[in-house]
Amino acid sequence: MGKAEAQLRVESRAHPTDRALALYGVGGCSLAERRVVVEGQRVVAIRFGRLALVVGYVDPGACAPSELERCRGDRLWLRREARRHERVLERVCGREAVVPVPLLTVYPGLDALEAIARERYARWSRSLARLAGKSELGIYVFGGPHAVPEIEPPLAREGGRNSRTGPRARPEPTPLETHVRALWDACARSSNAIRRIDGDGVRGYVLGIAVLVGEAESSDLRKELEQLAPAGQSLGLSTYLEGPRLPFSFV
């Protein structure tokens, strides 16, 4: 951390002293001073150097480390929190670039938030530049007729690695394996980053892919998926495209 980062301070404003600070994401300074209310919680983007920190004011008791750790075992609760985290960033940032932070990132007060923000300032700035002008698409494939799926929110999923290595097939792949490989290759060609989405326990789940794309790349990928659609239908597959949305899977 350089001298300039060490001197950074959160822009002066009134912060409630009896509330903890939940950090949702980091955007460009153009977001500063945007305010929204999501499910009764006040959220504001506050300036920090050339960045803006999207924070909400939360009950310090309900968000104490021991309480959050206890709640993490409740998948329904975790899924609701992930959906709310996504809504906060979508409401505040719209289509502007943002670096989402991990789910349930809470600091006891302003000093703790400033300390971590100074430490991560350079990293957040680089991530913001990498994600500018890009969004995330999700491609989901199911066997047989299938209702529109309820997929785990990106922020509630277990961590994974981005990869350009697709699903493995046998030396003589089946038609299904060939089609899945073609879908993966199409996504890899049109994306800046690609990641498999775990669907363990979801009925009929065949494949899930998250891709990071720019506007032109998104258009190219949609065209390729349209060309592959008849082959998937002939195999009895249901394929869904989700997005564009903020790049939750790639930070």
With a 4.5 Å heavy-atom cut-off, do Cys93 and Leu31 have their side chains touching?
yes
Any chance you could lay out the side chain to side chain contact (heavy atoms under 4.5 Å, CB included) test for Ser191 and Leu212, step after step, and finish with the verdict?
CA-CA 5 Å; Ser191 65; Leu212 182 67; 5.6 Å; no
CD on Glu67 to CD on Glu69, rounded to 0.5 Å
11.0 Å
Would a 4.5 Å heavy-atom cut-off, applied to side chains only, mark Val180 and Val141 as touching?
no
Quick check: closest heavy atoms across Pro100 and Phe248, and the distance to 0.1 Å?
CG-CD2, 3.6 Å
Nearest-0.5 Å distance that lies between atom CZ in Arg120 and atom OG in Ser125
13.5 Å
Show me the donor-acceptor pairs, under 3.5 Å and distance only, between side chains in residues 222-237 and residues at least two apart or in other chains.
from   : atom 1 : to     : atom 2 : distance (Å)
Arg222 : NE     : Ser218 : OG     : 3.4
Glu224 : OE1    : Arg189 : NH2    : 2.6
Ser234 : OG     : Ala231 : O      : 2.6

Could you check whether any side-chain N or O of Arg195 sits under 3.5 Å from a backbone N or O of Ile209, counting only pairs where one atom can act as donor and the other as acceptor?
no
Side-chain contact, heavy-atom cut-off 4.5 Å: Leu23 with Val106?
no
What verdict does the side chain to side chain contact (heavy atoms under 4.5 Å, CB included) test give for Tyr205 and Ile197, after you've listed the backbone C-alpha separation in whole Å, the side-chain angles of each residue and the deciding distance to 0.1 Å?
CA-CA 11 Å; Tyr205 195 86; Ile197 300 172; 3.7 Å; yes
What's the spacing between Leu103 CG and Leu68 CG if we round to 0.5 Å?
9.0 Å
Ala32 to Ala52 - nearest heavy-atom pair and separation:
N-CB, 3.9 Å
Given salt bridge (Lys or Arg N to Asp or Glu O under 4.0 Å), test Glu81 with Arg84 step by step and report yes or no.
CA-CA 5 Å; Glu81 289 300 306; Arg84 188 162 66 87; 2.9 Å; yes
For Leu221 and Ala186, the nearest pair of non-hydrogen atoms, with its separation, is CD1-O, 3.8 Å
Looking at every heavy atom in both Val206 and Phe142, which two are closest together, and how far apart are they?
CG2-C, 3.9 Å
Answer yes or no: are there more than 12 heavy-atom neighbours, outside Arg72 itself, under 6.0 Å from its atom CZ?
yes
Got Cys187 and Val211 here, is their nearest side-chain heavy-atom distance under 4.5 Å?
yes
At what distance, to the nearest 0.5 angstrom, does CD of Glu86 lie from CZ of Arg91?
14.5 Å
Are Val101 and Val54 packed together at the side-chain level, in the sense that at least one heavy-atom pair is separated by less than 4.5 angstrom?
no
Before accepting this row, confirm whether a basic side-chain N of the pair Glu96/Arg34 lies closer than 4.0 Å to the acidic partner's carboxylate O.
yes
According to salt bridge (Lys or Arg N to Asp or Glu O under 4.0 Å), does anything in residues 229-244 pair up with another residue at least two apart or in another chain? List the pairs.
Glu242-Arg245
Residue pair Leu246 / Glu136, side-chain heavy-atom distance below 4.5 Å:
no
Can any side-chain N or O of His85 pair as donor or acceptor with the backbone N or O of Tyr24 at less than 3.5 Å?
yes
Side chain proximity check, Val43 to Arg35, heavy atoms < 4.5 angstrom:
no
When rounded to the nearest 0.5 angstrom, what is the spacing between SG in Cys29 and CZ in Arg50?
9.0 Å
Heavy-atom side-chain contact between Leu110 and Leu21 under 4.5 Å
yes
CZ on Arg126 to CZ on Arg123, rounded to 0.5 Å:
8.0 Å
All heavy atoms of Thr174 vs all of Glu177, minimum pair found to be N-OE1, 2.9 Å
Any side-chain to backbone donor/acceptor pair from Ser219 onto Ala216? Under 3.5 Å, distance only.
no
May I have the step-by-step check of side chain to side chain contact (heavy atoms under 4.5 Å, CB included) for Trp184 and Arg196, ending in yes or no?
CA-CA 9 Å; Trp184 182 274; Arg196 290 201 68 170; 3.1 Å; yes
What's the verdict on side chain to side chain contact (heavy atoms under 4.5 Å, CB included) for Tyr57 and Gln41, showing C-alpha distance, side-chain angles and the deciding distance?
CA-CA 7 Å; Tyr57 303 112; Gln41 181 194 39; 5.8 Å; no
State, to 0.1 Å, how close Ala117 and Trp124 come at their nearest heavy-atom pair, and which atoms those are.
CA-CZ3, 3.6 Å
Is Tyr121 reaching over with its side chain to a backbone N or O of Ile116, donor-acceptor style, under 3.5 angstrom?
no
